[in-house]
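Heavy atoms only: backbone and side chains are in, while hydrogens, waters and symmetry mates are out.
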Amino acid sequence: MKNLFLLLFVFLSNLTFAQVEVKVDNRIEAVSIFYAMAIGRDSLDIKPTPSIYLKDFDAYFKPYKNHKSLNWYRNLEKWDAPDVSTLGLYLTENYPFKLKIPYDEHYLQSSKVEDYITHLNTFYKDCKVSKFINRHQKLYKKTSLFALDTIIKSDVLKETQKFFKTETNDKFIIYIDLLNNHTSNSIEIKEYKNCRQFKLAYLSSGNPNSENKNNIKFAPAFNVVIHECSHLYVSDFIVANYNRLYNIKNKFLTKPNGKILPENNWQDELDEMLVRVCVAKILGKKYGVEREQSEIENQSRGYLHFKDLHLFITEKIEENPNYNSFKDFYPNIVLYLENLK
């Protein structure tokens, strides 16, 4: 364990991020427990990966399966997606939970946030959620260390930085949701300045978690890690060129299937397309041409001009392989998009 901590210290000291952190947040876990208990695993298209944690969860909360707050949630006209647990980051650290940060997001769609928090608090107290969470703190830490160690050994963050050639002091925070672990989502909360946060999914089914009583083998998907990390590096692209890009916003609203998105989606669509092109290039550099080509084919199904932009950026990099920073290509990318048919 001492050697692992030494490895992590050396890694963090030499990375261009001010800090890389992987953790289980108690507030996210509290909301996740409430969600998992309310909807039941039979309602999920993808089931949680078997693990000792899941067994503990089933045994501990079985007496509370018909709690009044759970029944309130079950009887709502609409349920939320698993990413509702991200709501936890808006809450105070301790019970009774209150909004610490003004909430205006999409995570909660089933009810008013005030009503949801009221029922969450009732469930949290009556069902002794804090006792369950505190009991598993050691497991949370071991799981987080395993995920971070996996990322370190993969070198994907270093490979990402090598592609963009831009230093950043932003903090990079990865949250693990141990129960509803089949969804990843980026988290943008303006009150959390100078950091990029996202929730990781993909609890590896290739590891014998049900037999491992000490760790959960939470092996993150590296393309997701690269994707979220890349958002840091190109977050200024639209801001720096807003007026010119706004004038051509309609180019980014048409999907490959012909569907036209609402006008206010153009920034998200352009940002995602650029990030995904960069991810394809990074995957190709690290894993080879076939992996890059697979990513191109996959992402082009969702973005009309993906292949065009990928080809253009590929050509620019080949023309100038010793570029100082990916930002050097911004003027050319904007001009290219303006002339794109």
Is the closest side-chain heavy-atom distance between [X] and [Y] below 4.5 Å?
| X | Y | value |
| --- | --- | --- |
| K255 | I260 | no |
| K259 | N257 | yes |
| H106 | D83 | yes |
| W266 | L245 | yes |
| N265 | F252 | no |
| Q161 | T166 | no |
| I133 | I33 | yes |
| L274 | H231 | no |

Chi angles and distances behind the side chain to side chain contact (heavy atoms under 4.5 Å, CB included) call for S85, Y107: CA-CA 8 Å; S85 61; Y107 304 119; over 6 Å; no
Parallel under 30°, tilted from 30 to 60°, perpendicular over 60°: which one fits the rings of [X] and [Y]?
| X | Y | value |
| --- | --- | --- |
| Y330 | F326 | perpendicular |
| Y53 | H136 | perpendicular |
| W79 | Y73 | parallel |
| Y60 | Y64 | tilted |

Would you find a donor on one side and an acceptor on the other, under 3.5 Å apart, between the side chain of [X] and the backbone of [Y]?
| X | Y | value |
| --- | --- | --- |
| D80 | Q109 | yes |
| S154 | I151 | yes |
| N298 | S294 | no |
| Y90 | D104 | no |

In terms of side-chain geometry, is the basic nitrogen of [X] or [Y] positioned less than 4.0 Å from the acidic oxygen of its partner?
| X | Y | result |
| --- | --- | --- |
| E338 | K251 | no |
| K153 | D149 | yes |
| E93 | R27 | yes |

Using every non-hydrogen atom in the two residues, find where [X] and [Y] come nearest and quote the distance to one decimal.
| X | Y | result |
| --- | --- | --- |
| I176 | E29 | O-OE1, 4.2 Å |
| F312 | N332 | CZ-O, 3.4 Å |
| P256 | S300 | CG-O, 3.6 Å |
| I333 | F237 | CG2-CZ, 3.7 Å |
| I296 | K307 | CG2-CG, 3.9 Å |
| V225 | F172 | O-CZ, 4.1 Å |

Working to the nearest 0.5 Å, report the span between [atom1] of [X] and [atom2] of [Y].
| X | Y | atom1 | atom2 | value |
| --- | --- | --- | --- | --- |
| K199 | D177 | NZ | CG | 4.5 Å |
| Y233 | S325 | OH | OG | 10.0 Å |
| Y124 | F132 | OH | CZ | 12.0 Å |
| T160 | F222 | OG1 | CZ | 11.5 Å |
| H67 | C127 | NE2 | SG | 4.5 Å |
| L99 | L87 | CG | CG | 7.0 Å |

How about [X] and [Y]: does a side-chain donor come under 3.5 Å of a side-chain acceptor?
| X | Y | answer |
| --- | --- | --- |
| N26 | Y140 | no |
| Q197 | Y175 | yes |
| Q299 | H310 | no |
| R74 | N71 | yes |

K65, NZ atom: more than 12 neighbouring heavy atoms under 6.0 Å: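 No, not enclosed.
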N339 atom CG, neighbour heavy-atom count above 12 within 6.0 Å: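 Yes.
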According to a hydrophobic-cluster definition based on side-chain heavy atoms being under 4.5 Å apart (Ile, Leu, Val, Met, Phe, Trp, Tyr only), do [X] and [Y] belong together?
| X | Y | result |
| --- | --- | --- |
| L311 | L283 | no |
| L304 | V334 | no |
| V234 | Y323 | yes |
| L335 | F329 | no |

L76 vs W72, side chain to side chain contact (heavy atoms under 4.5 Å, CB included): CA-CA, chis, key distance, verdict: CA-CA 7 Å; L76 294 174; W72 165 82; 3.9 Å; yes
Quiz item: cation-pi between K281 and F163, 6.0 Å / 45°: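 Pair K281/F163 does not count as cation-pi.
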Worked check of side chain to side chain contact (heavy atoms under 4.5 Å, CB included) between K142 and L145: CA-CA 5 Å; K142 287 184 177 181; L145 279 174; 5.7 Å; no
Verdict with supporting geometry, E114 and K112, salt bridge (Lys or Arg N to Asp or Glu O under 4.0 Å): CA-CA 5 Å; E114 294 82 7; K112 293 180 179 179; over 6 Å; no
Residues F123, F34; criterion ring-ring contact (aromatic ring centres under 6.0 Å, His included); working and verdict: CA-CA 7 Å; F123 171 79; F34 182 52; 5.2 Å; yes
Intermediate values then yes/no, salt bridge (Lys or Arg N to Asp or Glu O under 4.0 Å), D236 and K327: CA-CA 9 Å; D236 61 341; K327 295 180 189 297; 2.8 Å; yes
Check against salt bridge (Lys or Arg N to Asp or Glu O under 4.0 Å), K249 and E269: CA-CA 10 Å; K249 62 182 182 299; E269 286 296 299; over 6 Å; no
Step-by-step side chain to side chain contact (heavy atoms under 4.5 Å, CB included) determination, I282 to S230: CA-CA 10 Å; I282 296 167; S230 295; 3.9 Å; yes
